[in-house]
Amino acid sequence: EDDRFELDLVIHLNAAAIRALDGINKRVNSLRRDELKAFKVGDNELDVLHLRAIERIYGEKGQDIIDGLFANPVVAVPIILSRLQAKDQQW
């Protein structure tokens with residue numbers, strides 16, 4: 001029962017991270033080419049739980065992925081989002 005509870009919690013946190021990244025991804029897709037270079041993820045857009053969900057998926061490379069997310073969100077967000085969605089389907 002404890003394992004099932006933990007898995008449910010992980011699935012819900014993953015879904016929350018997907019929703020947050022999906023919103024960011026939609027904003028990125030609506031930008032003009034000249035706006036893409038200046039786009040950054042806001043401080044309030046991803047909270048600690050979202051970042052932990054990303055770290056959980058990527059394991060040892062989690063912090064590198066998060067650094068890349070904030071350094072170059074235009075490239076990183078779609079990749080991370082697709083990985084989270086694939087993991088959601090797997091679970």
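Since this is a predicted model, take the numbers as computed values, not measurements. When reading the values below, keep in mind they use all heavy atoms of this one structure, side chains included, and skip hydrogens, waters and symmetry mates.
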Checklist line | Connected-component partners of L13 among ILVMFWY, side-chain separation under 4.5 Å | finding: L9, L49

Checklist line | Pairs touching residues 14-29 that satisfy salt bridge (charged side-chain N to carboxylate O under 4.0 Å, His left out), sequence neighbours left out | finding: D22-K26, R27-E45

Got a second to check how far [X]'s [atom1] is from [Y]'s [atom2], nearest 0.5 Å?
{"X": "L81", "Y": "D88", "atom1": "CG", "atom2": "CG", "value": "10.5 Å"}
{"X": "I18", "Y": "H50", "atom1": "CD1", "atom2": "NE2", "value": "10.5 Å"}
{"X": "R83", "Y": "K87", "atom1": "CZ", "atom2": "NZ", "value": "6.5 Å"}

Next item on the list: Answer yes or no: is there a donor N or O on one side and an acceptor on the other, between the side chain of N14 and the main chain of L84, under 3.5 Å?
Entry: yes

Please output the side-chain donor-acceptor pairs of residues 57-73 that fall under 3.5 Å, not counting sequence neighbours, one pair per line with the distance.
{"residue": "Q63", "atom": "NE2", "partner": "D67", "partner atom": "OD1", "Å": "3.0"}

Notebook entry, point to check: If every non-hydrogen atom of V74 is compared with every non-hydrogen atom of L36, which pair is closest and at what distance?
Noted result: CG2-O, 3.4 Å

